[in-house]
Engineer: 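My questions will all concern the structure given below.
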Amino acid sequence: MTDTSRPDQPTPRRKPKPALESIGGRKISPTTAMMGYGFDPVLSEGALKPPIFLTSTFAFESAAAGKRHFEGLTGQREGGAEGLVYSRFNGPNQEILEDRLAIWDAAEESLVFSSGMSAIATLLLANCKAGDVILHSGPLYAATEGFISKIMARYGVDYVDFAAGASREDMASTIDEAKEKAKANGGDLAMIYLESPANPTNALVDIEAIAALRDAAFAGEGTVPPIAIDNTFLGPLWQRPLDHGADIVIYSLTKYVGGHSDLVAGGLSGAKKWIDPVRALRNTMGTICDPNTAWMLLRSLETVELRMTRAGENAAKVCAFLAEHPKVERLGYLGMIADASQKDIYDRHCLGSGSTFSVFVKGGEAESFAFLDALKIAKLAVSLGGTETLASHPAAMTHISVPPERKARLGITDNLVRVSIGIEDADDLIADFDQALAQA
Ligand code: PLP
């Protein structure tokens, strides 16, 4: 108890209760952990939910404590800051969110950001120097492709890419090509960057194969490039890339994790050794998400399993209907993969088929636009992973900046409509798609 009769004594810091990790020998599941992990109400006047900490800075207990925090922050002492210092670095809402996000991928640490793109940009900048090469799968979310090919290029960072779904042999040769290019440029192969499933085609990358090939290519060398993967389409429920050899998982938390289309945020999860350099750059640049957004994401994480499960079930029903529809050429849905090697990757890596897929409408842009314009329940909007169903036309919208020949090579065609199924009644959605296809 605080001794109020001795004002010269510093107020002792109240220690949070240790987080509940297991009960009766049973490990707490991620869903249960989302209701309270990392937050002790005793520290906040008994508030059941964490208050939103709107403060730009945190008072130190003493000048010596302030010095220790800064020694940790600047790397003069191992272990980072021992408490909260300044809101560009971190805050209580963001720290609780990071603790909870890490649980889903069984990661050592997580970091949260102001957007998926600021997570990606901070990650790439933290890992690359002039002369380096990034090896990436394709397609990537168009802003990520642009950031690598146009912005990183300005700082002397080059890239080599391979198509998601490339054979083992092709992936091995692109690793060799990227290493050679880096050597010629006087740098290193700094990072292997994947997006799987890829936006918007849903093509899968064999994470296990690329990890094995990376390890073989760098055997005996002191350092290996980390494998980062954008898991936005299936995470955090339906794919756990760290289990398959990836080192860093990337999320646009705007999508399934946020889940209500009412915020923009990003996240990274992985081992401390990969996360620490990114944290240092985030501290400098201030790409951390704000406390309000962190609070909203804590609310969202409480229902993420419920929402994703329902959306996944709805998508299976809608796709069963669409697959038989005479105006649908084919579907890019992970629950109905025709290609044997993609199916093999799916069986090894994925825990569910997701709720974001491509509908290849018979015809081209005109028919696709007519279909989109006729939808009444599904909203015509980019983004995915929200409670409501959305549909968009990647070739004319999110991926409009991808050059035509690259679009053709990667299968981003004029008759591709991307759909993200929400948690509405599945039969209502089927009725909506039916009447809209009649207009196509
Ligand atoms: N990664 C993928 C796969 C995406 O679809 C998006 C956005 O659509 C992003 C990253 C970027 O995320 P944000 O919009 O939160 O910056």
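We use all heavy atoms of the structure for the numbers below, so side chains are in, but hydrogens, waters and symmetry mates are not. Counting starts at 1 for both ligands and their atoms, in listed order.
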Engineer: Below a 4.0 angstrom heavy-atom separation, can you tell me which part of Ala265, side chain or backbone, both or neither, approaches ligand 1?
Structural biologist: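 Looking at Ala265 and ligand 1, just backbone atoms fall under 4.0 Å.
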Engineer: Tell me the nearest of Thr356, Thr254, Asn199 to atom 5 (O) of ligand 1, using heavy-atom distances.
Structural biologist: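 Nearest option to atom 5 (O) of ligand 1, by heavy atoms: Asn199.
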Engineer: Checking side-chain contact (heavy atoms from CB on, under 4.5 Å) between Val417 and each of Val361, Leu380, Val328, which is the one that passes?
Structural biologist: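 Of all the options given, the one that passes is Val361.
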Engineer: Could you point out which residue of Arg406, His399, Lys150 forms a side-chain hydrogen bond (donor to acceptor under 3.5 Å, both in side chains) with Glu145?
Structural biologist: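 Exactly one option meets the side-chain hydrogen bond (donor to acceptor under 3.5 Å, both in side chains) with Glu145, and it is Arg406.
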Engineer: Below 3.5 Å, N or O to N or O, backbone or side chain included: is there any such pair between Ser252 and ligand 1?
Structural biologist: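 Yes, Ser252 has an N/O under 3.5 Å of an N/O on ligand 1.
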Engineer: Say whether Met117, considering both its backbone and side-chain N or O atoms, lies within less than 3.5 Å of an N or O atom on ligand 1.
Structural biologist: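 Yes: some nitrogen or oxygen of Met117 is under 3.5 Å from one in ligand 1.
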Engineer: Is it possible for you to check whether Lys327 lies under 6.0 Å from the centre of the six-membered ring of Phe433, through NZ or CZ, and within 45° of that ring's axis?
Structural biologist: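 No cation-pi geometry.
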Engineer: Between Thr144 and Leu140 (side chain of the first, backbone of the second, donor and acceptor by atom type, cut-off under 3.5 Å), is there such a pair?
Structural biologist: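 No.
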Engineer: Please determine if Lys255 has a nitrogen or oxygen closer than 3.5 Å to a nitrogen or oxygen of ligand 1.
Structural biologist: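 Yes, there is a polar N/O contact under 3.5 Å.
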Engineer: Using heavy-atom distances, let me know which of Asp230, Thr144, Thr232, Leu140 sits nearest atom 1 (N) of ligand 1.
Structural biologist: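 Going through Asp230, Thr144, Thr232, Leu140 one by one, Asp230 has the nearest heavy atom to atom 1 (N) of ligand 1.
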Engineer: Report yes or no: is the cationic atom of Arg100 (NZ for Lys, CZ for Arg) closer than 6.0 Å to the six-membered ring centre of Tyr37, at no more than 45° off its axis?
Structural biologist: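 Ring-cation test returns no.
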Engineer: Considering only the protein, which heavy-atom contact is closest to atom 11 (C) of ligand 1, and what is its distance?
Structural biologist: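 The protein heavy atom lying closest is Tyr141 CE2, 3.5 Å.
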Engineer: Please determine if Gly116 has a nitrogen or oxygen closer than 3.5 Å to a nitrogen or oxygen of ligand 1.
Structural biologist: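 N/O-N/O distance under 3.5 Å: yes.
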Engineer: What do you reckon, are the aromatic ring centroids of Tyr256 and Trp238 less than 6.0 Å apart?
Structural biologist: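 For Tyr256 and Trp238, the ring centres are under 6.0 Å apart.
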